[in-house]
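Comments concern the structure below.
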Amino acid sequence: MPPVTLLYALTIVLPLLATAVAFWAGGWWRRLYVGGARLLLGALMLGGGLYKLSDNHLPGLMGPPMDHAFLAKHSLEIFARFIGVAQLLIGLLLLTGRFALLGALMLVPMWVGIVMLTWSQHWTGTPYLTLGFLILTLGLLLHDYHRLKYVLYPPAQPETIRVVPLRTGPRSLEALWWLGVAVFMGGSLLYPVSLRMMVGTMLAGLLLLLAAGGLLLWRRRTAAAAPGV
């Protein structure tokens, strides 16, 4: 087997093997797989989104080999910006424990679209690599099957789900978290104004997210350590 062909095969075989081992072994192997896959895929999506939204000025781990001159030639500037926002949002969701499942669900059609685009454009190697990432994403969905199963197989007694309370934090922290999301995502659209303004606004949104997450974690630990809890 030629070295290049072997490399392409490994980009599919290794994710399949990692998924199989993680689910067979369970325990910390599975936790390592889930945490690593979310971190890798989230970083790829964040980098890909920033690459597109900054006119290729902010390189990512998965920046496509095309620039805005190519996109303008094919009248795809608005489409590229839409994909960039979607990738940025998916990456953000994957890196949160609360919305990681939603991010994985949104990522499946994203990978399928990238596979079909790169395949139709005859890009060398990219479809194989993307298939490997798609396998990891499907592994994340299998990990959360206990939450997804009600979408595929509605329960015989839906009222059992309706009575389960939503697990949310205090309203002030919820508002702070969503404000951080809005500032982060809104800042990603500011490149036409200034790259510095784009980066600064996104960093401000990220600080709000970290503050909300840190305060919520501190509150939970304090409540758990309180006497009688």
Task: Criterion side-chain contact (heavy atoms from CB on, under 4.5 Å) on L129 and T126, from CA distance to verdict - done: CA-CA 5 Å; L129 184 62; T126 306; 5.7 Å; no
- [ ] Run through the side-chain heavy atoms of Ile, Leu, Val, Met, Phe, Trp and Tyr, join any pair under 4.5 Å, and report what else lands in V163's cluster.
- [x] none
TODO: For W119, check ring pair (Phe, Tyr, Trp, His ring centres under 6.0 Å) against everything at least two apart and list the hits.
DONE: none
Open item on the list: Surrounding OH of Y145 (heavy atoms of other residues, nucleotides or ligands, distance under 6.0 Å), is the total greater than 12?
Closed with: yes
Open item on the list: Given 3.5 Å as the limit, does a donor-acceptor pair link the side chain of T201 with the main chain of M198, or not?
Closed with: no
TODO: Kindly compute the distance separating CG (L148) from CG (L105), expressed to the nearest 0.5 Å.
DONE: 5.5 Å
Task: Hydrophobic cluster membership, L209 vs L173, 4.5 Å side-chain cutoff - done: no
- [ ] Quick one: which residue pairs count as a salt bridge (charged side-chain N to carboxylate O under 4.0 Å, His left out) with a foot in residues 104-115, not counting sequence neighbours?
- [x] none
Open item on the list: I'd like to check the ring pair (Phe, Tyr, Trp, His ring centres under 6.0 Å) partners of Y150; sequence neighbours left out, ordered by chain and number.
Closed with: none
Open item on the list: Testing the basics here: between K52 and I83, what is the closest heavy-atom pair and its distance to 0.1 Å?
Closed with: CE-CG2, 4.0 Å
TODO: Measure across F184 and L206 and return the closest heavy-atom pair with its distance rounded to 0.1 Å.
DONE: CD1-N, 4.2 Å
Task: Sub-4.5 Å side-chain heavy-atom contact between L101 and L141 - done: yes
- [ ] May I have the step-by-step check of side-chain contact (heavy atoms from CB on, under 4.5 Å) for Y191 and L58, ending in yes or no?
- [x] CA-CA 11 Å; Y191 173 76; L58 297 176; over 6 Å; no
Open item on the list: Restricting to non-hydrogen atoms, name the atom on R30 and the atom on A22 that form the minimum distance, rounded to 0.1 Å.
Closed with: CB-O, 3.5 Å
Task: L216 to P170 - nearest heavy-atom pair and separation - done: CD1-CD, 4.0 Å
Task: Listed partners of Y128 passing ring pair (Phe, Tyr, Trp, His ring centres under 6.0 Å), at least two apart - done: Y8
TODO: Find out if a path of hydrophobic residues (ILVMFWY) with successive side-chain heavy-atom gaps under 4.5 Å connects M106 to L92.
DONE: yes
Open item on the list: So, taking the atom named CZ in F133 and the one named CE in M45, what distance separates them when rounded to the nearest 0.5 Å?
Closed with: 8.5 Å
TODO: For this output row, return yes or no: ring centroids of W24 and Y33 closer than 6.0 angstrom.
DONE: no
Open item on the list: If you compare all heavy atoms of T137 against all heavy atoms of A104, which two are closest, and at what distance to 0.1 Å?
Closed with: CG2-O, 3.4 Å
Open item on the list: Let's go through L46 and Q87 carefully: what are the C-alpha distance in whole Å and the side-chain angles of both, what is the deciding distance for side-chain contact (heavy atoms from CB on, under 4.5 Å) to 0.1 Å, and is it a yes or a no?
Closed with: CA-CA 6 Å; L46 285 176; Q87 289 180 333; over 6 Å; no
TODO: Drop me the distance from M202's CE to S54's OG, to the nearest 0.5 angstrom.
DONE: 9.0 Å
Task: Neighbour count >12 (heavy atoms, 6.0 Å) for atom CD1, I78 - done: no
Open item on the list: Would you call the rings of H143 and H146 parallel, tilted or perpendicular, taking 30° and 60° as the class edges?
Closed with: perpendicular
TODO: Would you mind listing the cluster partners of V21? Hydrophobic ones only (ILVMFWY), side-chain contacts under 4.5 Å, chaining allowed.
DONE: L17
- [ ] Let me know which of L95, L89, I90 forms a side chain to side chain contact (heavy atoms under 4.5 Å, CB included) with L93.
- [x] L89
TODO: Starting at CG of L210, measure out to CG of L203 and round the result to the nearest 0.5 Å.
DONE: 10.0 Å
TODO: Give the cluster check for L176 versus W178: same hydrophobic cluster or not, with ILVMFWY residues linked at side-chain heavy-atom distances below 4.5 Å.
DONE: no
Open item on the list: Do L94 and L32 land in one hydrophobic cluster if side-chain heavy atoms of ILVMFWY residues count as linked below 4.5 Å?
Closed with: no
Task: Shared hydrophobic cluster for L16 and L134 (ILVMFWY, side-chain gaps under 4.5 Å) - done: yes
Open item on the list: Can you confirm whether R81 sits close enough to L53 that some side-chain heavy atom of one is under 4.5 Å from a side-chain heavy atom of the other?
Closed with: yes
Open item on the list: If you define the side chain from C-beta out and look only at heavy atoms, does anything of T96 sit under 4.5 Å from W177?
Closed with: yes
Open item on the list: Go through it in stages, so that I can follow the logic: the residues are L136 and L140, the test is side-chain contact (heavy atoms from CB on, under 4.5 Å), and I'd like the CA-CA distance, side-chain angles, deciding distance and then a yes or no.
Closed with: CA-CA 6 Å; L136 292 179; L140 293 179; 6.0 Å; no
Task: Min side-chain heavy-atom separation T11-L131 under 4.5 Å - done: no
Task: Closest heavy-atom pair and its distance - P127, T118 - done: CG-OG1, 3.4 Å
